[in-house]
Amino acid sequence: MSKLKHISIVIILASLGLVMLLDLNKIPNQFEYANSIYHHITNNAVGETGSLNFVTAILYDYRAYDSMGESTIIFGAVSGIVLLLSRKTLPVSSHGLSFIVKRTYGMLTPFIFLFSVYIIAHGHLSPGGGFQGGVILGAISIIFSIVYGSEFDYKRYTPTTKTLLETSGALLFIGIGLIGIIYSGSFLSNLNILNSEPGSLLSAGSIPFINLGIGFKIGAGLAIIFYSMIQKTFKEEASL
Amino acid sequence: MNNILIYLVVVPLATAFLIPFVDIFSNKARKILVGFSALFEFSIGMYIITDNYAAITEHTFFLKYYLGNWIPPIGITLSMDMLSLFFSTLISISLLFIITYSIGFIGHHEGKYYVLLFLIWAAMHGIILTGDIFNLDVFLELMLITSAPLVAFKRDRNGTEAAIKYMFFGAIGGLFIFIGVVLVYFNLGTLNFADIAQSFSLLPLFIKKMIIIFFLIGIFIKLGIFPFHFWLSKAHSACPSSISALLSGVIVKVYIYVFIRLFFNVFGFDILRETGLDIIIIVIALTSSILGHVLALSENDIKRMLAYSTVANLGIIVAVLTLNTRLAILAGLLHVMAHLLMKVSLFTATGYLLQFTPSHKLQDLKGVAYKNIILFAGFTLTAAGMVGFPPMIGFFSKWHILQAFLDRSFHWGSITVILGSIIAFFYYIKYIIYGFKTISIGPPERFRLILSVFYRERVVTNIAILFAIAVVVVGVFFKLSYGPIEGAANAIMDPSIYIESILGG
């Protein structure tokens, strides 16, 4: 019975996929819509935003409000996971990996941190930005927990610190948006502060600062997610 | 340009970000922040109404906002017309009271609970104000992600299972909507609602059909319309009652708004009529309505019964809106308001009563009325409104729906409405009779508090009674709500107003 069910599901899905494929094939490969915002952005992005990276220009200037929503999705997911997995007791483990691994990562961690800061700060110049750099920042906390044991991570970088970093990143984003209202009358408008010619580090107005805010929000958020989850596994280990 | 619109989104968002920050220092400060922000957000909505009172009465009300000073086709536009105002006001009022109810009702993990609640509030206003199709998708996703943990708030097996289902089907629905957004951008090169509305009819028919189908399936999964109704009852019944009221009363209305905005203003109703899809939607929605009523009748669990009743009522709302006559849209919007008030009222009252019973089952509700007779009277009145007895708002909305169906001589619709009301009478009367049944053991011994999460009993009962009173009062004075609803109906019937107001200067 269940085999028949599986076969029929596969047949239905395959036929639906075939119909979709045939329909998608009919769509012209290149859209030639004269008034597309695509033309506007590729022609004017550098001049209008000062960012050499078009993707960043779209994410943090033309559609910065969307990025606010997307980074808030991560914030909401973090809050939800903490709500569902939080325990009153915090069992921490001081078990880490071997001495060699500990020393190696001890030397590597500053460079990983530097790399994440570089990715965040150069978001408007090269590929990368707040989301990508933030993930690397979050990885540092995960490395601490795995290599040195979660007790080390807990002492160096307490959950309170992580929450503070996360909320301050989020508030920085909103703050920049609100400054935009005072400065030029519109939420999240690009501020013309600290602007030099496109291509230098402090260019593109408020884009680097939004990147910084998102970087902290994402990095601390992912570290909190990881931390809430390992708490649970350690508890299960203890009960075995 | 009026900055007030952006504050409707930013105030709850900033509150959600501030709560964990304040929570580190003091619990009490967080409580004050929650109450203050809810009132502040509510008063922003009220300020918009009083500030534009003349424009609202003349139905010419329109506010727009260009984010980052980017002119429409390029950046994101926020806008508020009569339709958005109607939904925004309903959401602000109901969320203010749901948050007040939660203050008495939720006793643990309050910090994260209010973070998620305020994020949901921000996402709802984001959806209702946005004039950009990708931004709509972002906020739909935000609303799903933030409401799923609240479904599992009780952290038991049932709740977790329901939350996984809710998350899974919500995400699939979101995926369909996302593919639709991608197809729209691929074919039109724009994401702005007004810009899409202007050039959508120029597309080849099969592309139009494909886009419509993707959006339709996505929204139907999220609404729980017939082939996708199975996840809704579980998700809406496993959570605490304050969240049930939010999910079943308010969040589904936001999806109704998305349905209206996309299919009446952005894509235009003509495409549905051209392809004959409108009849299919009506038939599916009516089937969903009957099925919801039948499943509610067969249910033995009070919260699942209320959740299935939501399926039934959403079916009726979608069916009557798709008739696309003036009367039908009026009736649909009236029923949106009626169902929101009644469902929030029923769930808030049920949440109080269920604190004193060992389970949600019908047998355990025996004699529960004597615990708080006024509150149960309110429950009875609201249930009567749900069935369609005269002084309550439910009667007037159902009356209008019936008229709308008769007007188009769509008799299957009228039969469904009447049959649904008859079935509803039977499943509500069952619980009311059980509630009034006397039992040999005195109520005080039988009904002691089972859960320890009940802080301020008086707040909870007052809010539940308040909603029951609102159901009756709004029903008696329902003619007063004609003005704004007619304005909203104008906005739905004539998409050119929306297009011109956004693109024209």
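Numbered from 1 within each chain, the chains take letters A, B, ... in sequence-line order.
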Rounded distance (nearest 0.5 Å) linking atom [atom1] of [X] with atom [atom2] of [Y]:
X       : Y       : atom1 : atom2 : answer
L67(B)  : D66(A)  : CG    : CG    : 9.5 Å
L84(A)  : K112(B) : CG    : NZ    : 11.5 Å
N3(B)   : I182(A) : CG    : CD1   : 10.0 Å
T190(B) : H40(A)  : OG1   : NE2   : 12.0 Å
S79(A)  : F17(B)  : OG    : CZ    : 9.0 Å
I179(B) : M20(A)  : CD1   : CE    : 5.0 Å

Is any side-chain heavy atom of W70(B) closer than 4.5 Å to one of S186(A)?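 Not touching, per the 4.5 Å side-chain cut-off.
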Is any side-chain heavy atom of Y65(B) closer than 4.5 Å to one of F187(A)?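 Yes. Closest side-chain heavy atoms under 4.5 Å.
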Could you check which of [options] has the highest count of heavy-atom pairs closer than 4.5 Å to chain A?
options                           : answer
T160(B), V9(B), N192(B), I24(B)   : I24(B)
L119(B), L18(B), N135(B)          : N135(B)
T146(B), V115(B), I207(B), L13(B) : L13(B)

Shorter than 4.5 Å, heavy atoms on both sides: which option in T72(A), L178(A), I81(A), T160(A) has the most such pairs with chain B?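 The option with the most such pairs is T72(A).
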Tell me, yes or no, whether the heavy-atom count around [X] atom [atom1], taken from other residues, nucleotides or ligands under 6.0 Å, exceeds 12.
X       : atom1 : result
Y62(A)  : OH    : yes
F40(B)  : CZ    : no
F228(B) : CZ    : yes
Y47(B)  : OH    : no
F206(B) : CZ    : yes

Answer with side chain, backbone, both or neither: which region of [X] has an atom nearer than 4.5 Å to a non-hydrogen atom of chain A?
X       : answer
L183(B) : side chain
L78(B)  : side chain
Y114(B) : neither

For chain B, which residues from residues 162-172 of chain A lie under 4.5 Å away (heavy-atom distances)?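 The stretch touches chain B at T163(A), L164(A), T167(A), A170(A), L171(A).
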Heavy-atom distances under 4.5 Å only: say whether I174(A) touches chain B with side chain, backbone, both or neither.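 Just its side chain gets close to chain B.
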Heavy-atom pair of closest approach, residues D132(B) and R63(A):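 For D132(B) and R63(A), the tightest heavy-atom pair comes out as OD1-NH2, 2.5 Å.
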How close do I73(A) and E141(B) get, counting heavy atoms only, and between which atoms?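 That would be CD1-CB, 3.8 Å.
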Set out, in order, the CA-CA distance, both residues' side-chain angles and the distance that settles side-chain contact (heavy atoms from CB on, under 4.5 Å) for I181(A) and I6(B), then state yes or no. CA-CA 10 Å; I181(A) 291 183; I6(B) 189 67; 4.0 Å; yes
Near-ring test F134(B)/Y65(A), centroid separation under 6.0 angstrom: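 Not close enough - the centres of the two rings lie 6.0 Å or further apart.
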